[in-house]
Number of protein chains: 2
Amino acid sequence: MPTIKDVALAAGCSTATVSRALANPEKVTEATRKRVASAIAKVGYSPNLAARNLRRSESRTIVVLLPDIANPFFSEIIAGLEDVAHREGYRVLLGDCEHDTGRAKAYFDLLPTNQADGIILLTAEIPLSLVTQQARGSQIPLVMACEYFDHLALPTVRIDNPLAAARAVEYLSSLGHRRIATITGPMQNPICIDRVKGYQSEMARQQLAVNPGWIVEGDFGFLSGYQQGQLLLALPPEARPSAIFCHSDEMAIGLMKAARDASVRVPEDLSVIGFDNIGLSEYCQPELTTVSQPRDEIGRCAMRLLLDVLRKKQVPHQQVLSTQLIVRASTAQAPKP
Amino acid sequence: MPTIKDVALAAGCSTATVSRALANPEKVTEATRKRVASAIAKVGYSPNLAARNLRRSESRTIVVLLPDIANPFFSEIIAGLEDVAHREGYRVLLGDCEHDTGRAKAYFDLLPTNQADGIILLTAEIPLSLVTQQARGSQIPLVMACEYFDHLALPTVRIDNPLAAARAVEYLSSLGHRRIATITGPMQNPICIDRVKGYQSEMARQQLAVNPGWIVEGDFGFLSGYQQGQLLLALPPEARPSAIFCHSDEMAIGLMKAARDASVRVPEDLSVIGFDNIGLSEYCQPELTTVSQPRDEIGRCAMRLLLDVLRKKQVPHQQVLSTQLIVRASTAQAPKP
DNA sequence: CTGAAAGCGCTTACAG
DNA sequence: CTGAAAGCGCTTACAG
């Protein structure tokens, strides 16, 4: 592999000049710039970034930490992230924490040794100490997306979860539903707590009572929607919900399967709302009413925010993207009592 | 950030000794080993891998190229890959080619400058020249999974696509179906050609005629299954298939939606088989009969294979993992004529 | 505008 | 078993 020395030899100049011609062309005469350019082409040179990074103390690599890469919800966010990164000359190192809080540390350790320049957190399932120490003390470039930490002023890209949940409940209420339940994601996630709060406050605003049994916890996956759905549908008739708001589309689809099994018709007997608007939500039966999140844009925003942090620009501490209730066929007027 | 010098100072030895204590503990006395260890703990040292990599001419980074990260099919493969890599002290750099053949080159360029040690290809949508030059000439460590190139003897992890397709057709035939169609993936993919071959040879073996209109091309996504499904279901009754084998579950689910729209009942009027066994296939309506691929294991195998290549071990040129036909509710006896 | 030289943090023959 | 020294390939003050 040819090095900068070979180029210098071929161009008849020093390695310093080659380096300058590449990094600061304006510091070099037109003529040398051209000689260097053709020398580079001739020897087929491409710079060794490991050496450059060592020298510059940067890596042009961004770590993206996520709870579980096999969860398709993240795929589109990552696609957005990676596209922005690529355009800006950065690379994305994927850190799958597999819901294991210990794994995150290994990735944070890449920062102090310049193996990564910054971190985008798509999960709050990491030791809080990593974030407080690093983000505050050593000013590690860190951006969160989707999730957030409560008492920390990290730059964050997110949606308004309480509002989105309230809108979903408001819509169900407008259809005449009074017994509205919710299947949540894991309640250690602040966003799930937020959605429950939005649910509760809107129920209160609509003067609807909340049966404590109507708030059940899932894990975002199909199976938990199915299982918790079975529980809700097994409630005695006077307590059985006529509408259920789920914190993910997968759980909503699992719930609809539980309804089929129990011969409960959606939407005639039961209205269902999901969250995320994954591709599938248009192809399930019935098509799913859901809260749409701009996943691609969340990824792009987060990466742009982090690059701004790296470039020492002022960045907003909160970037709130808007959601949209997409009404499809899984919701309908509440059944007559 | 403390460097190896700080450790040497604290341990009262040279940097060479510190380095050896870390890399080849057996070359160092018990006593110095201990002094070094406690010095490391004291100063809070962790080695700068950029410097190590520059020196060792390796990066411990594996590039994974895939056509489109937003496609959930790959998520689980990546999860498997990344788990093996992590255990072996390697990192995974994700290269999303976005179906754009130009992007791959940037990732291949990481190899000669030691920014990556090897490549796992999950796509054949890259310029063939990259592979032939690099794999043969410069012996770039390269492993393929899922896809493969026809005339190249690259180490490859894959399934037996013709066999899997033939099994699906055989099963449909055993249910009495005679008019069996197929919705393929993009036909520039060798695996799709293989599946069509398997379909054709099994049709022939069962002495079933193939109407040329029964082989239609999709792109693996929901929408193309829906659209091509509409076409197939619009064929005149005598040519209309009673069973359709799809090259992906998403297309099968799109097809089932087209059937609902056309008031064609699945499985009573139409049997549907998918491919991949994604999580969703158990939760759609009806539950989908499909060919299961061991995605996690494909990822693991591919990474292990690549690490073996890097360690100069002999590796098999083909690793064929087995598939399984999972029979669920989308297939049934052919309707009486 | 250009070059000689130092140095980023590590590893590894080469002596001893 | 240990150390002094060279070198991986680049970048960048410092002179000129």
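Here is the naming used below: chain letters follow the sequence lines, and residue numbers restart at 1 for every chain.
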Output a table of nitrogen or oxygen pairs between the protein and nucleotides 6-8 of chain D separated by less than 3.5 Å.
unit_1 : atom_1 : unit_2 : atom_2 : d
D/dG7  : N2     : B/R55  : NH1    : 3.0
D/dG7  : N3     : B/R55  : NH1    : 3.4

Open item on the list: Need one value for B/S19: base, sugar-phosphate or nothing, where a base atom within 4.0 Å counts as base even if backbone is also close, heavy atoms only.
Closed with: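 Touches a base.
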Task: Residue pair A/F74, A/L94: steps toward the side chain to side chain contact (heavy atoms under 4.5 Å, CB included) verdict - done: CA-CA 12 Å; A/F74 293 107; A/L94 215 64; over 6 Å; no
Compare every heavy atom of [Y] with every heavy atom of [X], then report the nearest pair and how far apart it is.
X      : Y      : value
B/V28  : B/A21  : CG2-N, 4.1 Å
A/S59  : A/A116 : OG-CA, 3.0 Å
B/I298 : B/Q293 : CD1-OE1, 3.6 Å

TODO: State, with a plain yes or no, whether a side-chain heavy atom of B/Y107 is found less than 4.5 Å away from one of B/V64.
DONE: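 Answer no - side chains too far apart.
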- [ ] Please tell me if the side chains of B/P186 and B/F220 come closer than 4.5 Å, counting only heavy atoms from C-beta onward.
- [x]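 B/P186 reaches B/F220 side chain to side chain.
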- [ ] Would you mind telling me which of C/dC10, C/dC1, C/dG3 lies closest to the side-chain atoms of A/T17?
- [x]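 The closest nucleotide is C/dG3.
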Task: Residue from A/I120, A/D296, A/L122 passing side chain to side chain contact (heavy atoms under 4.5 Å, CB included) with A/I77 - done: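 So, applying the side chain to side chain contact (heavy atoms under 4.5 Å, CB included) to A/I77 and each of A/I120, A/D296, A/L122, only A/L122 qualifies.
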TODO: Could you check A/L93, A/L130, A/L121 and say which one makes a side chain to side chain contact (heavy atoms under 4.5 Å, CB included) with A/L65?
DONE: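 Answer to the side chain to side chain contact (heavy atoms under 4.5 Å, CB included) test with A/L65 among A/L93, A/L130, A/L121: A/L121.
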In whole Å, what is the span from the [atom1] atom of [X] to the [atom2] atom of [N]?
X      : N      : atom1 : atom2 : value
A/L22  : D/dG9  : CG    : P     : 16 Å
B/N24  : C/dA13 : CG    : P     : 10 Å
A/K34  : C/dC1  : NZ    : P     : 16 Å
A/K27  : C/dG3  : NZ    : C1'   : 14 Å
A/Q115 : C/dC10 : CD    : C1'   : 12 Å
B/N53  : C/dC10 : CG    : P     : 12 Å
B/L49  : C/dC10 : CG    : P     : 9 Å
B/L110 : D/dG9  : CG    : P     : 17 Å

Task: D/dG9 to D/dA13 separation - P atoms, rounded to the nearest Å - done: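 Pairwise P distance, D/dG9 against D/dA13, rounds to 23 Å.
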TODO: Could you measure between the two P atoms, the one in C/dC10 and the one in C/dC14, and give it in whole Å?
DONE: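 Approximately 24 Å lies between the P atom of C/dC10 and that of C/dC14.
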Tabulated below should be each protein N or O lying under 3.5 Å from an N or O of nucleotides 14-16 of chain D; please produce it.
none

- [ ] Would you write the dot-bracket representation of DNA chain C, where each base gets (, ), [, ], | or . depending on whether it forms a Watson-Crick or G-U pair under 3.5 Å and with which partner?
- [x] |||.||||||||.|||
Open item on the list: Would the distance check show the side chain of A/T156 and the main-chain N or O of A/L154 forming a donor-acceptor pair, the cut-off being under 3.5 Å?
Closed with: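 Yes: the side chain of A/T156 pairs with the backbone of A/L154.
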Task: Stretch residues 38-46 of chain B: residues that reach within less than 4.0 Å of DNA chain D through a heavy atom - done: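 Of all residues in residues 38-46 of chain B, none places a heavy atom under 4.0 Å from DNA chain D.
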TODO: In plain terms, say whether B/D117 and B/R60 are close enough for a salt bridge, that is, a side-chain N and a carboxylate O under 4.0 Å apart.
DONE: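 Salt bridge flag = no for B/R60 with B/D117.
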- [ ] Begin from the C-alpha positions of A/F108 and A/V63 and carry the test side chain to side chain contact (heavy atoms under 4.5 Å, CB included) through to its verdict.
- [x] CA-CA 9 Å; A/F108 271 80; A/V63 172; over 6 Å; no
Scan the side chains in residues 47-55 of chain B for donor-acceptor partners under 3.5 Å anywhere in the protein, sequence neighbours excluded, and list what turns up.
unit_1 : atom_1 : unit_2 : atom_2 : d
B/N48  : OD1    : B/A50  : N      : 2.8
B/N48  : OD1    : B/A51  : N      : 3.1
B/N53  : ND2    : B/L49  : O      : 3.1

Enumerate donor-acceptor pairs with a distance under 3.5 Å from any side-chain N or O in residues 303-315 of chain A to protein atoms, sequence neighbours excluded.
unit_1 : atom_1 : unit_2 : atom_2 : d
A/R304 : NH2    : A/E297 : OE2    : 2.9
A/R311 : NH2    : A/E88  : OE1    : 3.1

Task: A/R158 and A/Q318 side chains, donor-acceptor separation under 3.5 Å - done: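 Yes, A/R158 and A/Q318 have a side-chain donor paired with an acceptor closer than 3.5 Å.
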